[in-house]
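Here the structure comes first, spelled out in structure tokens, and everything after it is commentary.
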Amino acid sequence: MTSFFTLAIVQSALEVGFIYALVAMALFLSYSVLNIADLSTDNCFILGCAVGSTVALAGHPFLGLFAAMAAGVCSGFVTAFLQTRLGVESILAGIIVNTGLYTINLMAMGFTSNLNLFKCTTIFTLARDVLEPVIGSWYKLAVAVFITLLAALALRLFLTTRLGLSIRATGDNADMVRASSINPAFTITVGLCVSGSLTALSGAVLGQYQKSCDINLGQGMVTIALASLIIGETLVGRQKISHRLFASILGSVIYRFVVAIALRMNVPAECLKLVSAIIVAVAISSPQVKVLIGRSRRKAAARAAKKEGV
């Protein structure tokens, strides 16, 4: 096991897992709470990376994170506007925004397909100067954990406010919310804006973490986040909001370890999306598989009892 999982692999899986956990939390809000399949996640992630990297290149790494979140809010607002005001189905709205964001991302990157941040200051290089003498090479993980846990705490507190409770109620029963004189269009818009900001924040942090931004960086992000969310909720459950947020983080970390195992087993990198799809399919179908197994066992026991009775 030691030779299979080196310290560097474990450290990298934890770092990237916590960064991608922000997208899993965003999908938790849009998919699990609001019951909306937001397919703009892929390019919204790249949008955050592009905006955050561009601002970091200008010498403002911390401002880059907030600028990325603002861009994510705009992406979520457009997606919500198409759904709530123009009557576009949620899936189609996500596809439309995801398509349009490709050009927006190129514009944010200066019409180039790649940005290089190796010569600029990032939040991780700033943290290295402060934390490396204390905790060594684990300073990147410390930054990723801090940002993710801070975002999880903020989202947890937000969902317990009156507006947050209205957003949760909208996902459960929009008609009931409407009957309570709450505008579901408004709650959906706020929810998707918050979800977009978390997705873009993840992209911005990843861009500064790997010191580069590529126009194709976010392909398959919906699948990755969904796999992380379902893995976590399968293990932890869906009892409380805090449990489900923890499940998002745990699932993201586990998913990165699964990817690390696949790579150590010499699975080609181009096959990782197939691995992700299989993970999602297994995680989604596992409750039904348990039901089918239990039903088969009961039928087998009934047949055995019948034979004994005869």
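Residue numbers run from 1 in the order of the sequence given.
Summarising the geometry of A185 relative to T84, their closest heavy-atom pair is CB-CB, 3.7 Å, with the distance given to 0.1 Å. The heavy-atom pair separating C44 from L101 by the smallest distance is N-CD1, 3.7 Å. Of all heavy-atom pairs spanning L229 and S248, the tightest one is CD1-OG, 3.4 Å. When all heavy atoms are compared, the tightest approach of S252 to A21 is OG-N, 3.2 Å. The minimum heavy-atom distance linking A71 with L47 is given by the pair O-CD2, 3.5 Å. Taking each heavy atom of A68 and A204 in turn, the nearest pair found is CB-CB, 3.5 Å.
Side-chain atoms of N35 come within 3.5 Å of backbone N or O of G171 as a donor-acceptor pair. D214 places no side-chain N or O within 3.5 Å of a backbone atom of N114 that could act as its donor or acceptor partner. The backbone N or O of P184 sits less than 3.5 Å from a side-chain atom of T187, completing a donor-acceptor pair. In terms of modelled atom types and a separation under 3.5 Å, the side chain of E233 and the main chain of S228 share no donor-acceptor contact. Within the 3.5 Å criterion, the main-chain N or O of T121 finds no donor-acceptor partner in the side chain of T125. Side chain of T41 to main chain of D38: a donor-acceptor pair is present (N/O by atom type, distance under 3.5 Å, no hydrogens or angles). Looking only at distances, no side-chain donor or acceptor of N43 sits under 3.5 Å from a matching main-chain atom of I46. Counting only distance, with no hydrogens or angles, the side chain of T160 and the backbone of L157 share a donor-acceptor pair below 3.5 Å. Side-chain atoms of T170 come within 3.5 Å of backbone N or O of S166 as a donor-acceptor pair. Under a 3.5 Å cut-off, the side chain of T199 and the backbone N or O of S195 do form a donor-acceptor pair.
Interatomic distance, N216 CG to S113 OG, rounded to the nearest 0.5 Å: 8.0 Å. To the nearest 0.5 Å, atom CZ of residue R168 and atom OG of residue S32 are 12.5 Å apart. Expressed to the nearest 0.5 Å, how far CD1 of I224 lies from CD of Q219 amounts to 10.5 Å. Once rounded to the nearest 0.5 Å, the distance linking CD of Q210 with CZ of F118 reads 8.5 Å. With rounding to the nearest 0.5 angstrom, the OG atom of S202 is 5.0 Å from the CG atom of L22. The OG1 atom of T99 sits 12.0 Å away from atom CD1 of I104, with the distance rounded to the nearest 0.5 Å.
Residues F186 and V73 are members of separate hydrophobic clusters, defined by side-chain heavy-atom contacts under 4.5 angstrom among Ile, Leu, Val, Met, Phe, Trp and Tyr. Grouping the Ile, Leu, Val, Met, Phe, Trp and Tyr side chains by contacts below 4.5 angstrom, directly or via other members, places Y31 with I241. V177 and L29 fall into different hydrophobic clusters, where Ile, Leu, Val, Met, Phe, Trp and Tyr side chains are chained together by heavy-atom contacts under 4.5 Å. When hydrophobic clusters are built by joining Ile, Leu, Val, Met, Phe, Trp and Tyr residues whose side-chain heavy atoms come closer than 4.5 Å, directly or via intermediates, F45 is grouped together with L226. When hydrophobic clusters are built by joining Ile, Leu, Val, Met, Phe, Trp and Tyr residues whose side-chain heavy atoms come closer than 4.5 Å, directly or via intermediates, I188 is not grouped with L39.
In this structure, the side chains of F257 and V10 come closer than 4.5 Å at one or more pairs of heavy atoms. For the pair L82 and V97, the minimum side-chain heavy-atom distance is below 4.5 Å. In this structure, the side chains of R178 and I182 stay at 4.5 Å or more apart for every pair of heavy atoms. Between V88 and Q83, the closest side-chain pair of non-hydrogen atoms is not below 4.5 Å. The side-chain heavy atoms of R256 and F18, taken from C-beta on, include no pair separated by under 4.5 Å. At a threshold of 4.5 Å between non-hydrogen side-chain atoms, the residues L115 and L117 count as touching. Side chains of Q208 and L65 form a contact here, defined as non-hydrogen atoms less than 4.5 Å apart. Residues V143 and I123 have side chains in contact (heavy-atom distance under 4.5 Å, counting atoms from C-beta outward).
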Item to check | Derivation of the side chain to side chain contact (heavy atoms under 4.5 Å, CB included) call for L131 and W138 | outcome: CA-CA 8 Å; L131 298 177; W138 295 92; over 6 Å; no
Checklist entry - How far apart are the C-alpha atoms of I230 and T234, what are their side-chain angles, what is the distance that settles it, and do they pass the side chain to side chain contact (heavy atoms under 4.5 Å, CB included) test? => result CA-CA 6 Å; I230 293 174; T234 300; 3.9 Å; yes
Checklist entry - Can M176 and D172 be said to form a side chain to side chain contact (heavy atoms under 4.5 Å, CB included), step by step? => result CA-CA 9 Å; M176 180 190 70; D172 291 333; 5.7 Å; no
Item to check | Derivation of the side chain to side chain contact (heavy atoms under 4.5 Å, CB included) call for Y139 and V130 | outcome: CA-CA 9 Å; Y139 68 92; V130 177; over 6 Å; no
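In this structure, E89 places its CD atom where only 12 or fewer heavy-atom neighbours from other residues, nucleotides or ligands lie under 6.0 Å away. Within 6.0 Å of atom CZ in F66, 12 or fewer heavy atoms from other residues, nucleotides or ligands are found, so the atom counts as exposed in its surroundings. When the shell of 6.0 Å around CD1 of I91 is examined, it contains 12 or fewer heavy atoms from other residues, nucleotides or ligands.
Looking at L34, L159, L198 one by one, the single match for side chain to side chain contact (heavy atoms under 4.5 Å, CB included) with F28 turns out to be L159.
Residues meeting the side chain to side chain contact (heavy atoms under 4.5 Å, CB included) test with C74, sequence neighbours left out: none.
Between Y209 and F124, the distance separating the two ring centers is shorter than 6.0 angstrom.
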